[in-house]
Amino acid sequence: MEAKVLQGLHLSTWMNPEIISRKSRDSLPFWWNKVDRSSCRMSSFRYLSQRGRFHEPLALKVLCTSENNPASVLEVGKISESVDESKIMKKKSEEIQRFLNGRCIYLVGMMGSGKTTVGKVLAEALGYSFYDCDALIEEAVGGYSVAEIFKSYGENFFRDNETEVLYKLSSMHRLIVSTGGGAVVRPINWRHMGNGITVWLDVPLEALARRLTASGTKSRPLLHHESSDPYGKTMKLLSDLFEERGEAYANATVRVSFEDITAKLGYEDACDLTPTVIAIEVLGQIKSFLLQQQG
């Protein structure tokens, strides 16, 4: 299936299909990026909730212990929980397949909302291919990061390439696409995504600010700053961006509110939600929408 997807992605001359092909194949077995194969353990393995940080997607499926790195009781408990989540995810993905009929799913939302992480979980569950628009653009311009592209070529150049990527992907099927945070501001991008289903990952700004402050903002060209109050500055910049984009996000086919999921599950913080839990909610919301359409 992946080969057919790549064959259909004939991008214009500014984009190197060979690089994209290599990048895309690497993105599917993405869980290996976090595994130290020599000792068979998770190199960035974290089960406990950390404020300001989302859990890694498939990390909970793997547990190899050694004398130097035994599994704790807490880790085992979380593994049991992840197995339950995986069963629910499998059931949800099987239920929705016939309703989706191969339609693409586009994830939209603010930077740091987990579009890439959740997108990979969805792609794995549905047997879809996953594409990250930002990553495609980075590879297309020779490996420059988004921040470097903004600095060297400007935001308009980046947005033009973003639109081109969405146009090319729009003719394909069975894709999960993670869009950039600002992709929603151009009406033409909504037209390109129109044949698929758009899902807004709506994360409370406070949770986003904590996460982005913890991980750093250097890779986020619209957020990067030097400040003695990084959380306060990040929160202000996110609020300004959301004021510009909020109405555009609301155009999405489906809205998945992290605040609602947190309340429903009795969690204290939206940052405690695992990507699998979020992906389960995404599939549930999409199924409800498609059923309403049929009715």
Side-chain angles (χ1 to χ4, degrees), residues 2 4-28 30 104-120 123 128-201 212 217-224 237-238 240-242 244-245 247-249 251-252:
E2 181 74 4
K4 291 182 181 178
V5 170
L6 292 170
Q7 287 170 7
L9 190 60
H10 299 298
L11 299 168
S12 52
T13 53
W14 56 263
M15 202 172 265
N16 186 334
E18 204 172 73
I19 294 176
I20 292 173
S21 175
R22 183 169 65 248
K23 177 75 171 179
S24 301
R25 282 196 295 271
D26 290 341
S27 69
L28 290 177
F30 66 98
C104 297
I105 297 173
Y106 297 88
L107 301 178
V108 303
M110 293 283 284
M111 63 184 79
S113 59
K115 298 184 295 291
T116 297
T117 307
V118 174
K120 289 176 178 177
Y128 273 33
S129 296
F130 173 76
Y131 286 94
D132 183 311
C133 285
D134 285 355
L136 290 176
I137 297 167
E138 287 175 341
E139 295 290 358
V141 297
Y144 285 96
S145 69
V146 172
E148 289 169 335
I149 294 170
F150 267 66
K151 183 177 180 180
S152 299
Y153 302 103
E155 183 174 357
N156 283 336
F157 174 86
F158 178 85
R159 298 296 173 204
D160 289 343
N161 282 283
E162 184 174 58
T163 297
E164 179 74 3
V165 166
L166 288 171
Y167 168 68
K168 297 300 183 182
L169 294 176
S170 68
S171 62
M172 302 162 71
H173 302 282
R174 298 181 63 81
L175 304 181
I176 304 292
V177 180
S178 169
T179 67
V184 296
V185 301
R186 287 192 173 187
I188 190 172
N189 292 342
W190 287 102
R191 291 199 291 275
H192 295 330
M193 296 186 288
N195 291 330
I197 296 170
T198 49
V199 179
W200 173 22
L201 299 184
L212 292 170
T217 58
K218 288 186 177 180
S219 63
R220 314 278 183 175
L222 298 182
L223 282 189
H224 182 49
L237 292 171
L238 285 173
D240 291 344
L241 285 173
F242 186 78
E244 296 173 11
R245 302 171 178 175
E247 290 185 9
Y249 289 134
N251 290 325

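Computed from a prediction, not measured in an experiment: that's the story for all the values here.
- Take Arg186 and apply the side-chain hydrogen bond (donor to acceptor under 3.5 Å, both in side chains) test, not counting sequence neighbours, and it matches Asp160, Thr163.
- Taking the side chain as every heavy atom from C-beta outward, Met193 and Thr179 approach each other to under 4.5 Å.
- Note: Leu237 CG to Met111 CE = 8.5 Å, rounded to the nearest 0.5 Å.
- For the pair Ala252 and Thr198, the tightest heavy-atom approach, listed with the atom from each and the gap, is CA-OG1, 3.3 Å.
- With rounding to the nearest 0.5 Å, the separation of SG in Cys133 from NZ in Lys168 is 14.0 Å.
- Between His192 atom NE2 and Glu164 atom CD the span is 8.0 Å, to the nearest 0.5 Å.
- A tilted orientation is assigned to the rings of Phe150 and Phe158, their planes being inclined by 30° to 60°.
- Between Glu162 and Ala183 the shortest heavy-atom distance is OE1-CA, 3.5 Å.
- Rounding to the nearest 0.5 angstrom, the gap separating the CZ atom in Arg174 from the CD1 atom in Ile105 is 10.0 Å.
- Of the possible donor and acceptor atoms, one in the side chain of Tyr249 sits under 3.5 Å from a partner among the backbone N and O of Gly181.
- With sequence neighbours left out, the side-chain contact (heavy atoms from CB on, under 4.5 Å) criterion links Glu244 to Leu241.
- Annotation: ring-ring contact (aromatic ring centres under 6.0 Å, His included) contacts of Phe242 (sequence neighbours excluded): none.
- Pairing each heavy atom of Gly109 with each of Ser113, the nearest pair is C-OG, 3.8 Å.
- Contact check for Leu166 versus Tyr106: side-chain heavy atoms found under the 4.5 Å cut-off.
- When all heavy atoms of Ser178 and Lys115 are compared, the closest pair comes out as OG-CB, 3.4 Å.
- Considering CD1 of Ile176 and OG1 of Thr116, their distance stands at 12.0 Å, rounded to 0.5 Å.
- Across all their heavy atoms, Phe157 and Asn161 have their closest contact at O-ND2, 2.8 Å.
- Counting only distance, with no hydrogens or angles, the side chain of Glu138 and the backbone of Ser145 share no donor-acceptor pair below 3.5 Å.
- The shortest distance between side-chain heavy atoms of Glu148 and Lys151 does not fall below 4.5 Å.
- Between atom OH of residue Tyr131 and atom SG of residue Cys104 there is a gap of 10.0 Å, rounded to the nearest 0.5 Å.
- In plain terms, the two heavy atoms of Val185 and Pro187 that are nearest each other are O-CD, 3.5 Å.
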